[in-house]
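Each remark here refers to the structure printed beneath this line.
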Amino acid sequence: MNWTINMFYFFGLLAVISALGVLFTRNVLYATFFLILSFFSVASIYVLGNASFIGVTQLLIYVGGILILMIFGLMLTTKLSGKVLVTESHNKRMGVILGVVFFSVLSFIIFSANFEVLNKSVEMPKKMIEVIGVDLMSKYLIPFEIAAILLLIALIGAAVISEKRKEIKE
Amino acid sequence: MSTLVFFLPFLLMYTVFAVYAERKISAFIQDRYGPMEVGKYGWYQTVADLLKLIQKEDIIPKNANKTLFMLAPIVIFTAIFCGFAILPLTSSWVGSLSQNGVYFLIAIVSLDVVGILMAGWGANSKYSLLGSLRAVAQIISYEIPVTLSVLCVVMISQSLSLQEISYQQSVLINVFPDLESTKNFLFGIKTMAIDVTAWGGFFTWNIFRAPVLIPVAVIYFISTLAESNRAPFDLPEAESELVAGFHTEYSGFRWAIIMLSEYGMMLLVAILGVILFFGSWNTPLPNIGNITLANWTTGQPGTIIGNLWSILWLISKAMLWVMAQMWVRWTYPRLRIDQLMNLSWKYLTPFAIFLIFMSGLWRLLMI
Amino acid sequence: MITVQHFLVIGISLFSIGLSIVVIKKNAILVLLGVELMLNGANVNLIGFSINDPQIQGQIFALFVIVVAAAEAAVALAVVVRMYQYYATSNVDEPNELKG
Amino acid sequence: MNSLETILPFSLLTQFSLVLLFMPFFSFLLLSFLPLKNRNGAFMSSFLLFVSFVIALFLFANSWNNPPDHSRWVWFEIGNGILFTSGIWLNNLTVLLLLLVTFVSFLVHLFSMEYMKGDKGYNRYFSYLGLFTFSMLGIVLSDNLLLMFVFWELVGFSSYLLIGFWFHKEAAAKASKKAFLVNRIGDLGFLIGLMILRSKYNTLDLETLTSVVETSDPSIYVAALCLFGGVVGKSAQFPLLVWLPDAMEGPTPVSALIHAATMVAAGVFLLARIVPFVPVEALHVMALIGAITAFMGGVAALRQFDIKKILAFSTISQLGYMVIGVGAGAYDAAIFHLITHAFFKACLFLSAGAIIHSLHQFSSKNDVNFDTQDIRLMGGLRKKMPFTFLVFLLSSMALMGMPLFSGFLSKEAILMASSTMNIGWQLVVPVLAFSSVLITAFYVTRMVVIIFFGEFRLPKVKVINTPNFASVSLIMKIPLGLLAIGSVFVLFSSNPFDGSHSWIIKGLSSHVAIHSAIVSYGSITLMLVGMGLAYAKFKPSGVYVQNLHKELDYQNKWQSLSFNNWHLNKIYDVVFIRQIINIANAVKTVEEKMIDRIINYFAIFNVILAKFIGLFDQYIVDGLVHLSAFVTSAIGWLSKNIQTGKVQTHIVWAGLGILMMILWFVV
């Protein structure tokens, strides 16, 4: 148990620090790799939170899918001129204030709330993945199907939107 | 622990000999000798090469992004080596008894794309960048048929756990905690009522339990060739076009690690393929009446003899798979990039989806 | 013992950082990254809430969030690519035709 | 709603009468708004009128001597429950008049088709005719006084349009204005009468009024006289008879339609409608007015040289007869006279129109300019226009009251009725009525002899190259012939000497009309005397007629009196118009000298006040406005910065909003 909580702290810190890295680095590519690290840590946190399936899904979809896509997008939307890819920042004051205020308000709420009931240890199902599978195919069938349709629509939509058209503004 | 204790040293050894094997096989296919000078039949050629590589200077291009450039081989190797962590080596020796083994494997393997991108971008070379983009596009595209073919197996075996999948193909099926009363039938067709549970051997391998998996195995084989950037899908490192693709700028030890990763990838997909389709660590020999060949050549789980048999069968089957990969490499010409994508999206993926459907139907025959 | 609060703190940290990224960064891709980070923060919360739930509703919810995030990322990226084609920039503050 | 005024259902006859009513209205609308070429509009208009006429025939066949058919519905409501109804009342009187109006109107349409040929406002003319016919039919059909008043005014308006049809002629424009204004004076009386009746009896429905009005009520006496005021205006009775002669400026077929057959008869029709509840004293007053009018009109007709003016004064005189008839208690006789008069007078007008038309063509053919209506320049037309002469003669006989003609029958009936008024001052009525017979005979004979006998006098004044008349076209002859047939007795009574046996009189009243041979013989004698005197004076070989083309308008004051219509125009000018102008001038002086000055001072005061208010406005009110504007613009400036058009700024504000919500709901 001690080992678990230590791992949790480690990955939690890693997630937050690499997220901060995304925030503070000016190099776009670094930011993306920081984010990969952060998501990787978050996946680990999921695993520690007894949600290994979600953890792996996180790895598969976020790290293996979305972020790779993002890096592709980056490479497609910047001119490859050998320069270091940097992004500028603006609204710095507002962004930081907003983040800090959000963080403080939400943490104030969290620490003032009572989580006793939620923290009571309960017998968890052995085969978590079976629960998820059965639930998805019974209880959550309609959301599942809707999500499928949503994905299809997004797929087609993304293809249509990014299609090259002739009337490109110079 | 199997990963560190067994696979790391094994991977190093295997790479050395795989490179040698590759040279020799290519030589045989091209009707020549291959390395012959260093040691008997050139046995030590690869070792000598390795020594040379370690001695070589670690060159980092001036305009490269140093961090990414240096980090990339490690990331690639880590991602692939992570995959070994959940492989069941024997009936009792398994890296991580994860319930989501296959799923994790697919996820973690795709991470090497990150490393490839880092390498390609970090080198700040056009060849590298184009190579890495090609690699990534290829790997992401071929992940789809790989995942779908794996999904076929998952539908047949109703599990994501690699060890459970292994046991299902074993004569020891009833030893596994959740499978005490499970029976295997010939071709998985229950109505035929030919109980092969006690036969073991190749009768209980997945391609025999559900023959629908044979085309799935073919798809898996083709797609994993592309996944590991092997010929005929080695466009990312097409010498004639891109010098050496994303690892053009690497040299010495880092280049060695990249090559190590590539061969590691080959081994990984080979072992996974063996586990999924060809009986995992199980013996191909069935029990024939009183001659319980299967039981003899499997041993009891947990015993040393059992572990040794398991390792033998698993590794030998994987080696055969790797040999097949090499065979293909030296036989077929390289595809064009559009043919590559066509193959994935227009043929393999739809066919794999169809096979998922067929697998579902087959599964209905099994219960 | 990992409690719900542990998850929540990490969740809100990620969320706040993501929000700051969304506001601060100029590059559209980075803004998207911020959004993804915020979604992850939310997901961490969901996982945290389901650690002691035998029905693991939080996990399933998180699954759906990830699915929707994937769809969102695909479409958003397509939009960014299109924007780059059209405006020849991927900075979100440059296409300001909505400005009154 | 008044308990007596229930809603009465729509009957089939009512629906037919509505169709009949709106046919001419459609004609008006179509001709006003469709760009019709040539004579299509006239044909269409005449056709619609013919449809109306056919329906009128149908209604007549169904309603004559049958129980009245009355439909009534709520028209509008004022305030809470004060209802006004409207409806259609078909009784003998109504259908008779419907038949007359549609028939005469149709014939006038036919006649006008030829008469107005080549006029610029051809379609406009027919659309006005449609409107007029519609209004007249409305008067006839409506079952209550208010609706009738509405149509009454419409009739006034459409006659204004028709009289002033050639508005580019100053005389026509003036005449139309005069007709309109003089009618207004009478209509004021009508309106007051309506108000009295409504306030007293709470209804204007004729059928209801007949049953509720008590004739002993003094207010009904006033109301009846007020309504009679309307009649005086519309039917050109004394003292409002000045407009009718001037109205002859309109096209001649119009005069035939509205100044002989329909509009001027509307007054008599109104009297016939209200007579059941009019007190006897009021009737006597009406009879007196009628007698005065008959006499004055007759006298005024004596010395006219304009053919249409003679007919106009004759019409006034005959209308006077009708009013005498109503006043003497024989409204049936009055209506009878109305009908017969409509026929022969319309015939006379149309014949006059034919003559004028022919002379007009003659003048343009010979390229000479002369007054085509002046009888001094006519003469001898008997040979040149034989058909016209024939119909003119027949109608003239009827007008004089020659036995065997329709006019004799109706005039006899009126004279019989007037002869019952023989007490005290009432004796004036029969005396004037009988003397008018002689006068009528005199001026009619004068007119016929001067126009048709002797020799054509125009060549004496002007040089004529081709002294040939164009013959009257068939389309003009048909109406003339039909109307002339209406002047013969057989249409109305089997007995040529006794009007009381006429089916019209029988159909209109139940009481048995008295018949006195003395009255008949007396009137015939008087007529013959008048004819003889006239012939003696105007015989074609006489000195007077030989020098007629050189005759002046008048030579002595008696002639002047007749020629100038008793100097009524001059009297009104002196008595009313001058006085009113004087009063107006006085008022103007007061206005200029006193009120304007007060207003000026007030204005100066106001200007001074305004200066102060202006200062107040500038610094305090405007200051407030500027302040608020400044505050608003400041807020706008502040909020403008929120709208940067940049996504991320919006996200900041959205985030702050969510934060607020979190604080609101959670903390």
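Predicted model only: the values in this text are computed from it and were never measured.
Top candidate by heavy-atom pairs under 4.5 Å with chain A, chosen from C:Q5, C:Q55, C:K26, is C:K26. Ranking A:G12, A:G65, A:P143, A:A148 against chain C, the residue ahead of the rest is A:P143, based on heavy-atom pairs under 4.5 Å. For chain A, the option among C:T3, C:V81, C:V80 with the highest count of heavy-atom pairs below 4.5 Å is C:T3. Between chain A and the residues C:V9, C:V67, C:I60, the most heavy-atom pairs under 4.5 angstrom are made by C:I60. The residue among A:F144, A:Y62, A:F24 with the most heavy atom pairs within less than 4.5 Å of chain C is A:Y62.
Residues A:F103 and C:L19 form no side-chain contact, since every pair of their non-hydrogen atoms from C-beta on lies 4.5 Å or further apart. Put simply, the side chain of A:S38 reaches to within 4.5 Å of the side chain of C:L37, judged on heavy atoms. Residues A:Y9 and C:I10 form no side-chain contact, since every pair of their non-hydrogen atoms from C-beta on lies 4.5 Å or further apart. By the 4.5 Å heavy-atom criterion applied to side chains, C:Q59 and A:Y46 are not counted as neighbours. Between C:F64 and A:L150 there is no side-chain heavy-atom pair separated by less than 4.5 Å. With contacts defined as side-chain heavy-atom distances shorter than 4.5 Å, the pair C:S20/A:L98 does not qualify. Inter-residue side-chain proximity for C:L63 and A:F53 is flagged as met; some heavy-atom pair is nearer than 4.5 Å. Using a 4.5 Å cut-off on side-chain heavy atoms (C-beta onward), A:I5 and C:H6 make contact.
Note on ring orientation: taking the six-membered ring where Trp is involved, the planes of A:F115 and C:F49 are tilted (angle from 30° to 60°).
Looking at C:L14, only its side chain comes within 4.5 Å of chain A, counting heavy atoms on both sides. Of the two parts of A:I61, only the side chain, counted from C-beta on, holds a non-hydrogen atom closer than 4.5 Å to a non-hydrogen atom of chain C. For a residue to count as touching a neighbouring chain, one of its non-hydrogen atoms must lie under 4.5 Å from one of that chain's; by this rule A:V16 touches chain C with backbone and side chain alike. Contacts of A:F111 with chain C are made by side-chain atoms alone, with heavy-atom separations under 4.5 Å and no backbone atom involved. Looking at A:L67, the atoms closer than 4.5 Å to chain C (heavy atoms on both sides) all sit in the side chain, from C-beta outward. With a 4.5 Å cut-off on non-hydrogen atoms, C:E72 does not touch chain A at all. At a 4.5 Å heavy-atom cutoff, the contact between A:K120 and chain C is made by backbone atoms alone. Heavy atoms closer than 4.5 Å to chain A are found in both the backbone and the side chain of C:A69. Of the atoms belonging to A:T25, it is backbone heavy atoms, and not side-chain ones, that fall under 4.5 Å from chain C. Contacts between C:L30 and chain A at a heavy-atom distance below 4.5 Å involve the side chain alone, from C-beta outward. Both the backbone and the side chain of C:N43 come within less than 4.5 Å of a heavy atom in chain A. Looking at A:L35, the atoms closer than 4.5 Å to chain C (heavy atoms on both sides) all sit in the side chain, from C-beta outward. Only the side chain of C:I56 comes within contact range of chain A, judged by heavy atoms closer than 4.5 Å.
In this structure, A:G95 and C:V23 approach most closely via the heavy-atom pair CA-CG1, 3.6 Å. Of all heavy-atom pairs spanning A:G49 and C:I47, the tightest one is O-CG2, 4.1 Å. Of all non-hydrogen atoms in A:A19 and C:I21, the two that sit nearest each other are O-CD1, 4.2 Å. For A:A158 against C:A78, the heavy-atom pair with the smallest separation is O-CB, 3.4 Å. Taking all atoms of both residues into account, the shortest heavy-atom contact from C:P54 to A:V131 is O-CG1, 4.4 Å. Between C:L77 and A:L69, the closest heavy-atom pair is CD2-O, 3.2 Å.
The local environment of OH in A:Y30 is crowded, with over 12 non-hydrogen atoms from other residues, nucleotides or ligands closer than 6.0 Å. Atom CZ of C:F61 has 12 or fewer neighbouring heavy atoms from other residues, nucleotides or ligands inside a 6.0 Å radius.
Taken from CD1 in C:I12 to CZ in A:F108, the straight-line distance is 12.5 Å, to the nearest 0.5 Å. To the nearest 0.5 Å, the span separating CG on A:L106 from OG on C:S13 amounts to 10.0 Å. Once rounded to the nearest 0.5 Å, the distance linking CD of C:Q57 with NZ of A:K139 reads 5.0 Å.
A:Q58 and C:N40 are linked by a side-chain donor-acceptor pair at a separation below 3.5 angstrom, with hydrogens and angles left out of the test.
Under the 3.5 Å distance criterion, the side-chain polar atoms of C:K25 are matched with a main-chain donor or acceptor of A:L23.
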Item to check | Worked verdict on C:F7 versus A:F8 for ring-ring contact (aromatic ring centres under 6.0 Å, His included) | outcome: CA-CA 9 Å; C:F7 285 95; A:F8 185 90; 5.0 Å; yes
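For the pairing with C:I66, the side-chain contact (heavy atoms from CB on, under 4.5 Å) check across A:I66, A:L60, A:T57 returns one residue only, A:T57.
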